[in-house]
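By convention in this document, chain letters (A, B, ...) are assigned in the order of the sequence lines, proteins followed by strands, and residues within each chain are numbered from 1. Source: prediction; values computed, not measured. Only heavy atoms go into these numbers, but all of them, side chains included; no hydrogens, no water, no symmetry mates.
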Amino acid sequence: MTATEMTSETSSGIQMPKPDQAILARREEIVSALKAIVPGEGVVDNETEMRPFETDGFLAYRFMPLAVVLPETTEQIAQVLKYLAQEGVPVIPRGAGTSLSGGAIPQEDAVIVGLSRMIKILDTNYENRTLTVQAGATNLSISDAVASDGFFYAPDPSSQLACSIGGNIGMNSGGAHCLKYGVTTNNLLGVKMVLIDGTVVEIGGEHLDAPGLDLLGIICGSEGQLGIVTEATVRLIAKPAGARPVMFGFDTSEDAGACVADIIGTGIVPVAIEFMDKPAIDICEAFAKAGYPMDVNALLIVEVEGSDEEMDDMLARIVTIAKRHKVKVVKESQSATEAALIWKGRKSAFGATGRIADYICMDGTVPLGQLPHVLNETARIVESYGLRVANVFHAGDGNMHPLILYNINDPIEAQKAEDCGMDLLKLCVDAGGCLTGEHGVGIEKRDLMLYQYTQEDLDQQMAVRAAFDPEWILNPSKVFPFEARGNERPATGNA
Amino acid sequence: MQTNFSLAQLADPGVAEAEKILRSCVHCGFCTATCPTYVTLGNELDSPRGRIYLMKDMLENDRPADEDTVKHIDRCLSCLSCMTTCPSGVHYMHLVDHARVHIEETYKRPFINRMTRNMLTRILPYRDRFAFATRLSVLGKPFASLFDKVTPLKPIAAMLRLAPSKIYGKTEFTSPGSFKPEKQTQGRVTILTGCAQPALDAGINKATIELLNRVGVEVVLPEGEGCCGALVHHMGKEHQALESAKNNVRIWHEEIEKNGLDAIIVTTSGCGTTIKDYGFMLRNDAEWAERAAKVSSLAMDISEYLVLKELPAPNDTGEMVIAYHAACSLQHGQQVKSPPKDLLKAAGFKVKEAPESHLCCGSAGTYNIMQPEIAGQLRERKVKNIESTKPQAIAAGNIGCLTQIGSGTDIPTVHTIKLLNWAYGGEKPEELSNIL
Amino acid sequence: MSVLQQEMRDNMSSVKTFKPKSEADLASMILGGDNFEIIGGGTRAIGKLDAPPRNLLDMTGVSGIIDYEPAEMVMIAKAGTPIADIEKALKKGGQRMVFEPLDYRPLLGTKGKPTIGGAIATNASGPRRFVAGACRDSFLGARFVNGKGDIIKAGGRVMKNVTGLDLIKLLAGSWGTIAPMSEVTFKVVPQVETEATLVLYGISDLDAAKAMASAMATPCEVTGAAHLPQNIAEQFKELDGKSATLLRLEGFEKSVNLRIEKLQAILSDYSEQHVLNDKQTKTVWTSLRDVTPFSDGTQDPVWKISVAPMAGHQLVAEFGPADAYYDWQGGLVWLRLDGDHHVHKVRAAVKKVGGGHATLVRASDEHRRSVSVFQPENPAVAEISKRIRKQFDPLGKFYTGRMG
């Protein structure tokens, strides 16, 4: 099958490849082979039970899988991959299914390999400050396991309660606190990974840096296209003496944006700087009741860390800067509970938006200096589609998250929202940024890749991808636009 | 999320409500992380998000419930941890209640499963039948392991194991009547006498009434009050549930009209969640809606009521270390979180909260009977977490949890109100007689 | 590349030096040529000598800072830009490279000016690596030319970017074996107000490992943790001649002072404590970064070994009384040996203490020809690496064997 022959399975914009009929015809045989590898309830194969696996956190798109397999060991995954690769059946790795870009959305001729039954913490070493965990474990379960001993795992995507460490590695997830601590790739020391032929490799470990090419670096953020990570060794960090989120309210988004640039330009790098506009404040307050100031149009949550004296010192510096930008309200959290509520509200922003509307969440990143311009343009573009937007994002690193609000039951509005989102992403690229800061390309941004990259750029990426998975078995319909693939790079395993 | 219901379907108020709930879900998956069955089984289908999807599919297509869907809905504890977690405000409780009614109406369960469920619904909600059955089951206890050998009969084994060795008969505190404080009356309440609780531990009602009287609150137990209906409600037996609800609404509303009530106090939080939901359950019944709403608005957990009252200085209870176990119906169903802990602390106890306190102990009404394996795993996890805090006793506000946890540990379990009554002048709970 | 090799090369008429002035130049040279060795300032003569001399692809002509916005904490520069130029510009902007690129000139006796491209291609990270990341962690984007002569862009100029495969990670630390970069973008951070070092004197390697681990378990934000056995510590006039365990703190002065006090209290079991001031701290840590304790003008083998922090002292113990010191909380061991016969022993020791990797950063040319300089990869991983190299450089135009 060639790129041009691919057709959509739904009426909406993003195309999926036509399922391979030969694979569909062998479904029973494939399912029974999987059942021989993973016993009990580890293989889900009836239509009713597969339905909940048809989508992830990007639920505008839904495709049924051929089957779902939920292994319990690396060995089982190795056997499953080996078998499916031999049979040329596409594989969709799935962690917790919280992807906002459709990274775990299956296709009709593909088998989902879910990691949700592999959640054990295998080893904790405080002297080396490392922890080894199975890939299905949630991000937060790591920090929870070491919190009472004074440590934490730094990357904290908003979905950290639910998202898996394997998924984090696939998407190179970030979070609010990566301004100081970096994203997943900066905190990952090693992985155990199953290659498409069933070979199990260990890359990295408790030591730092790679002896040869930095394979860990290329695996991180590869969206499940290079192999299936089953275990990860991550870096632990000692918890700061204290942490205090402080809210700064402004009359305009421009003031808030300029304040961010000024704080960083002055040489102060807080642990986190989060931005919310008025609609986002309203939404988050409705859920978390964190006491966000309601009489401002833009809010910055700035978190500082350290001992009380250090935090006081740092805050005094930040307040001085904020005053230069006409800050209207400065509100410090008065207790750990209050601080937790402020973060709870922020981290639940996407979900809480569900209270008022359906939404799609964009994830472009722009250079900090472009923030005010991009915010203005965002408002203009969304308005031109007759839609509403709530902005809540990581201002410290320019990672925008406009939430386009719409009614998913209205097909015309749904199409508008999708088109609007694409325009917003182009805006980010035009401003010198990129399509996605932490959610990944998935299927959502796949067809915009040629807007950011040239054909040659993508050819090089696809060539590296092929070094791991020459037959394009793993998550084949994601990341790379079909139009950029050429005939030799199929969108299904057996085309 | 997107839904596909026809206008005809939406004409049914139950379906319309379900549609509204489904629309608010954004499929973010946060709920999976705090769901006891998902963290135990690791399957999307045994998570709130998976079940919501299964229910959506079943309801949208107006399909009779099938074996697979039923399996995963049955595994739901209705602990409502997901509702505490959900940022979008998805009312999972109303959705799953609706789906259970749909299952009950459209699915024919296997014979033994049906019999077991019918037996439970015919015994548990009735105080006298429950007491009788429990006495009888003591004789059956030695045979529990025999039932274990046949999968469909496992619930019988679980039931026999859970049966207490001691059963309470009727006492003055569980019979209709009025209890006035010695001094001036500062309030007037009724307490739900309950069905299973007084048979399992008559001391709970006694302690509640004594303590309320001591702080100047009159307690009245009106004639005719019965089971709240929660047990049958969770089994999808809507008619029976609504009949129970109406009975209590009638009795309590008469009392409200006649002599006035400040609150309807509940000491079994599982029941409290349902009574607070009467207003919703009867919302479409013009004859009952208003009264039910009134009753629901007055329903309060005993801890919610007591924190509003001025309490005297507590007696010295020796700074006993108490692990407070938050019953799901209290922390998730009613969102009552800090009052019980605040009360225990104020009464002089050293209160510990165990790790993973959001996870259910596995009791969940009849769950530990119908799903003994999962319930057992959850109990083990709960007990391990609680024991890690090294408490002298475990307190909870729900008899089901006390029985469930008590069956897995040697540490005594006791209702919160009995500790409070002790601290404020009542007798020391007999469960603690071995602790000096 | 050693001086000797350079001379040999210069004498061979068949070997040419290409010096592109631009990215377009570079692309056309690659398209038209073959058998390249990519060099920047020529200061990092490390790697396996696997073949006759190659054509030099001298990147120092592609030089200059393209964009630098302090408020965005990002710099874009052509790959051949000297590190010195970059540091000068950053100083003006009140910023610095958090990864402290190490300078190999003292150790290797090389001349020339280290370039930013060279630092990135060799993933040259300093003492802060174990907390603030390696050079590759600051690296945000690049333009490079693959072996087919295609100009490729990877990454970008923003800190968070997961758009497509993270190709730049493969470039960092690839030692010029897969493609020459023409332009690099990297993160920079504010300069700190002051730095100081808490020194614990006279403790054993094992106790030092424990002390460093304890320090790292505190919220004091230690940004350098090194241990110098007595024979190394003796070389520093800032220290008193006993073994020295060094814990570096950076930040605003008030905060640094507070944290030093806190750390002193936490480590009060170690009674001989001393604090180095800002200037002393800079001198000592630069020296440790650039391995000057082993900058002896010889070609005696020096190994750079990366293991788990608590394994460092175990590894050194395998060599009896050794010429070694520890950085990265013990996870980086600089080890000087006295002859060419230790390769197997080093590799076996790394394996024995739980794994990691060892690179023979200094050795005679003869030695570099006969042994593997880099840690051999396990077969499955080596196979993937081989395939990846092929995807960048299908015709094998670059110095592929260097990482052998």
Side-chain angles (χ1 to χ4, degrees), chain A residues 126-129 150 171-172 174 182-183 186 199 201 203 205-215 217-218 221-222 238-241 261 264-265 267 269 307 309-310 313 365 367-369 397-399 432-438 440-441 449 452 456-457 460-461 463-465 467-468 479, chain C residues 69-73 94 123 129-130 133-134 136-137 146 150-154 156-167 169-170 172-174 189-191 213 216-219 252 254-255 258 306-310 328 331 354-357 374-375 377 380-381 384-385 387-388 391 403:
Chain A
Y126 291 128
E127 287 184 318
N128 289 334
R129 290 175 299 114
M171 294 305 189
N172 189 13
V183 296
N186 313 116
T199 313
V201 292
I203 294 167
E206 289 193 304
H207 57 277
L208 295 172
D209 299 331
L213 293 181
D214 186 3
L215 299 186
I218 196 79
S222 61
K239 277 201 280 193
I264 286 171
V269 183
S307 61
E309 294 97 321
E310 286 175 88
D313 180 51
T365 305
L368 285 183
D397 47 34
N399 190 188
C434 64
L435 294 172
T436 171
E438 56 186 1
V441 177
M449 286 291 271
Q452 181 176 334
E456 288 75 19
D457 298 341
Q460 186 66 67
Q461 292 186 24
V464 170
R465 186 208 186 287
F468 287 83
V479 185
Chain C
E69 296 287 342
E72 283 177 22
M73 301 202 294
N123 195 22
R129 191 277 168 258
F130 77 125
R136 63 87 121 163
D137 294 294
N146 67 17
D150 298 328
I151 297 170
I152 310 287
K153 174 184 72 189
R157 63 177 291 172
V158 289
M159 312 239 175
K160 268 166 136 183
N161 182 355
V162 295
T163 322
L165 278 181
D166 200 2
L167 290 184
K169 292 289 188 302
L170 293 174
S174 66
V189 298
Q191 192 62 256
M216 295 313 299
T218 71
F252 292 111
K254 193 172 158 191
S255 157
L258 283 166
S306 177
V307 290
M310 293 305 287
W328 301 355
H357 54 94
F374 284 79
Q375 181 82 25
E377 293 169 313
V381 171
I384 296 172
S385 295
R387 279 189 251 149
I388 291 174
Q391 302 290 8
M403 292 183 78

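Heavy-atom distances place the side chain of C/E377, and not its backbone, under 4.5 Å from chain A. Only the side chain of A/M449 comes within less than 4.5 Å of a heavy atom in chain C; its backbone stays farther off. The contact between A/I218 and chain C is made by backbone and side chain atoms together, counting heavy-atom distances below 4.5 Å. Interface residue C/M310: backbone and side-chain heavy atoms are both found under 4.5 Å from chain A. Heavy atoms of C/D166 lying under 4.5 Å from chain A belong to its backbone as well as its side chain. Only the side chain of A/T199 comes within contact range of chain C, with at least one heavy atom under 4.5 Å from a heavy atom of that chain. Interface residue C/T218: only backbone heavy atoms are found under 4.5 Å from chain A. At a 4.5 Å heavy-atom cutoff, the contact between C/L170 and chain A is made by backbone and side-chain atoms alike. Contacts of C/N161 with chain A are made by both backbone and side-chain atoms, with heavy-atom separations under 4.5 Å. Both the backbone and the side chain of A/N128 have a heavy atom closer than 4.5 Å to some heavy atom of chain C. With a 4.5 Å cut-off on non-hydrogen atoms, A/D209 touches chain C through its backbone and its side chain both.
In terms of heavy-atom pairs under 4.5 angstrom with chain A, the leader among C/T163, C/D137, C/V381 is C/T163. With chain A as the partner, the residue from C/R157, C/R129, C/K254, C/Q191 showing the most heavy-atom pairs under 4.5 Å is C/R129. In terms of heavy-atom pairs under 4.5 angstrom with chain A, the leader among C/M159, C/E72, C/Q375 is C/E72. The greatest number of non-hydrogen atom pairs below 4.5 Å with chain A, out of C/E69, C/M216, C/M73, is found for C/M216. For the options C/A71, C/A134, C/A213, C/P70, heavy-atom pairs under 4.5 Å to chain A are most numerous at C/A71. Your options are C/A172, C/A217, C/G331, and the one with the most heavy-atom pairs under 4.5 Å with chain A is C/A217.
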| said: Assess the residue pair A/Q461 and C/L167 against the criterion (side-chain contact (heavy atoms from CB on, under 4.5 Å)); give the C-alpha distance rounded to whole Å, side-chain angles, the decisive distance to 0.1 Å, and a yes or no. | reply: CA-CA 7 Å; A/Q461 292 186 24; C/L167 290 184; 3.7 Å; yes

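Distance check, rounded to the nearest 0.5 Å: CE of C/M403 to OG of C/S174 gives 7.0 Å.
Side chain of A/N172 to backbone of C/V162: no donor-acceptor contact under 3.5 angstrom is found. Side chain of C/S255 to main chain of A/E310: no donor-acceptor pair is present (N/O by atom type, distance under 3.5 Å, no hydrogens or angles).
Contacts of A/Y126 classified as ring pair (Phe, Tyr, Trp, His ring centres under 6.0 Å), with partners at least two apart in sequence or in another chain: A/F151. With sequence neighbours excluded, no residue satisfies ring pair (Phe, Tyr, Trp, His ring centres under 6.0 Å) with C/F252.
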